[in-house]
Peer 1: 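If you scroll down you'll find the structure; I have some questions about it.
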Amino acid sequence: KKKSRARGEMVNSYGYRSGTRDMFSKNFRQHGMEHLSTYLVTYKVGEYVDVVANGAIHKGMPHKYYHGKTGRVFNVTKRAIGVEVNKKVGGRIIRKRIHVRVEHVRKSKCRDDFLERVKVAMAARRAAKAGEKNVKYLAKRTPPQPKAEKVVSLKDAPVTITPLKYDPMY
């Protein structure tokens, strides 16, 4: 038998946009029309993009789950981008294909560091092939090493600094 609710008692809501108060809100002083440059970006199939929903534009908005996810472009249409995103369902990861308008997508910087390392490595390989001496380049990333040693001069005597005595001003 169902219990009758007391008058005015609220229930938990699980709507399509529930829990998106901050997620879909725009930053301070960032409200208003979308910049024209958003629409002039060229997306190509295979590129990595970040799905970031813009709360001001409701058309072509992705579901809240995909907000902040990175995926690859698999289709480009006149106003939208087809993005392939991984989604964890239960214990498995499913590759989902979603179409999102360009206002809710931006180019990802996730590969910038990798591509920069590739450029440096290729330049080092070319230099080594050209016959330059003492060309050394480690292709793998290494964790930060300890700082180099240095000698501290004690020509001038060290000065001891002590705090002033606390003085309440009343």
Side-chain angles (χ1 to χ4, degrees), residues 1-128 136-147:
K1 198 174 182 182
K2 271 189 175 180
K3 282 186 180 178
S4 61
R5 293 206 174 275
R7 204 175 173 97
E9 191 178 320
M10 301 292 284
V11 296
N12 293 345
S13 59
Y14 297 102
Y16 196 75
R17 288 183 61 157
S18 65
T20 61
R21 181 180 187 150
D22 294 327
M23 193 185 293
F24 290 165
S25 66
K26 296 196 105 179
N27 293 336
F28 178 60
R29 292 175 65 185
Q30 298 298 315
H31 301 271
M33 292 292 290
E34 191 59 36
H35 297 287
L36 194 60
S37 58
T38 306
Y39 301 98
L40 298 175
V41 178
T42 307
Y43 295 98
K44 293 178 184 170
V45 174
E47 281 183 333
Y48 283 90
V49 292
D50 296 329
V51 178
V52 182
N54 181 352
I57 293 141
H58 299 159
K59 273 193 169 186
M61 186 187 269
H63 186 265
K64 63 188 176 188
Y65 174 84
Y66 301 104
H67 179 78
K69 298 276 186 273
T70 301
R72 288 185 91 164
V73 176
F74 76 89
N75 188 22
V76 180
T77 62
K78 205 186 329 185
R79 291 180 193 84
I81 307 293
V83 185
E84 218 168 46
V85 186
N86 289 336
K87 182 176 184 180
K88 192 173 182 187
V89 181
R92 65 198 196 280
I93 295 173
I94 301 172
R95 190 176 291 142
K96 303 279 281 190
R97 289 182 152 201
I98 59 170
H99 276 85
V100 184
R101 274 178 84 113
V102 289
E103 296 95 323
H104 308 292
V105 163
R106 63 173 163 229
K107 288 199 176 190
S108 182
K109 293 185 171 77
C110 66
R111 280 176 65 84
D112 289 357
D113 186 41
F114 167 71
L115 293 173
E116 190 59 41
R117 284 201 321 273
V118 169
K119 279 183 192 171
V120 174
M122 292 304 288
R125 282 180 65 189
R126 275 192 225 102
K136 217 178 190 182
Y137 177 71
L138 296 171
K140 293 182 180 178
R141 287 176 288 178
T142 53
Q145 299 298 310
K147 290 180 182 171

Peer 1: How long is the straight-line distance from CG of L40 back to NE2 of H35, given to the nearest 0.5 Å?
Peer 2: 12.5 Å
Peer 1: Determine whether a donor-acceptor pair (N or O, by modelled atom type, separation under 3.5 Å) exists between the side chain of S13 and the backbone of G15.
Peer 2: no
Peer 1: How long is the span from the CG atom in D50 to the CZ atom in R106, to the nearest 0.5 Å?
Peer 2: 6.5 Å
Peer 1: Looking at M23, is its backbone amide N or carbonyl O close enough to the side chain of T20 to form a donor-acceptor pair, meaning the two atoms are under 3.5 Å apart?
Peer 2: no
Peer 1: For residues F24 and A53, report the shortest heavy-atom separation together with the two atoms involved.
Peer 2: CE2-CB, 3.3 Å
Peer 1: Is the count of non-hydrogen atoms from other residues, nucleotides or ligands lying under 6.0 Å from R17 atom CZ greater than 12?
Peer 2: yes
Peer 1: Do any N or O atoms from the side chain of R72 and from the backbone of G46 form a donor-acceptor pair under 3.5 angstrom?
Peer 2: yes
Peer 1: Report the residues that fulfil side chain to side chain contact (heavy atoms under 4.5 Å, CB included) with D112, sequence neighbours left out, ordered by chain and then residue number.
Peer 2: K109
Peer 1: Using 0.5 Å steps for rounding, measure from the CZ atom of F28 to the CD atom of Q30.
Peer 2: 9.5 Å
Peer 1: Kindly state whether the ring of H99 and the ring of F74 have centres lying under 6.0 angstrom apart.
Peer 2: yes
Peer 1: Could E84 and R97 be called an ion pair, given the rule that one side-chain N must be under 4.0 Å from one carboxylate O?
Peer 2: yes
Peer 1: Quick one: side chain to side chain contact (heavy atoms under 4.5 Å, CB included) partners of K26, sequence neighbours excluded?
Peer 2: H31, E34, N54, A56
Peer 1: State, with a plain yes or no, whether a side-chain heavy atom of K87 is found less than 4.5 Å away from one of I93.
Peer 2: no
Peer 1: Does K64 make a cation-pi contact with Y66, if we ask for NZ or CZ under 6.0 Å from the ring centre and within 45° of the axis?
Peer 2: no
Peer 1: Determine whether more than 12 heavy atoms belonging to other residues, nucleotides or ligands lie under 6.0 Å from atom CZ of R79.
Peer 2: no
Peer 1: Mind listing the closest non-hydrogen atom pair of V102 and T38 along with its distance?
Peer 2: O-CG2, 4.0 Å
Peer 1: Under the criterion side chain to side chain contact (heavy atoms under 4.5 Å, CB included), I'd like the reasoning laid out for I81 against N75: C-alpha separation, chi angles, the key distance, then a yes or no.
Peer 2: CA-CA 6 Å; I81 307 293; N75 188 22; over 6 Å; no
Peer 1: Which atom names give the shortest non-hydrogen contact between V51 and V83, and what distance separates them?
Peer 2: CG2-CG1, 4.2 Å
Peer 1: Please assess V105 against V52 for the test side chain to side chain contact (heavy atoms under 4.5 Å, CB included), listing each intermediate value before the final yes or no.
Peer 2: CA-CA 6 Å; V105 163; V52 182; over 6 Å; no
Peer 1: Quick one: closest heavy-atom pair of V100 and G60, and the distance?
Peer 2: CG1-O, 3.6 Å
Peer 1: Main chain of Y65, side chain of H63: is a donor-acceptor contact present, judged purely on distance under 3.5 Å?
Peer 2: yes
Peer 1: Hey, is the main chain of K59 close enough, under 3.5 Å, to the side chain of H104 for a donor-acceptor pair?
Peer 2: yes
Peer 1: Mind checking what makes salt bridge (charged side-chain N to carboxylate O under 4.0 Å, His left out) contact with K107, not counting sequence neighbours?
Peer 2: E47
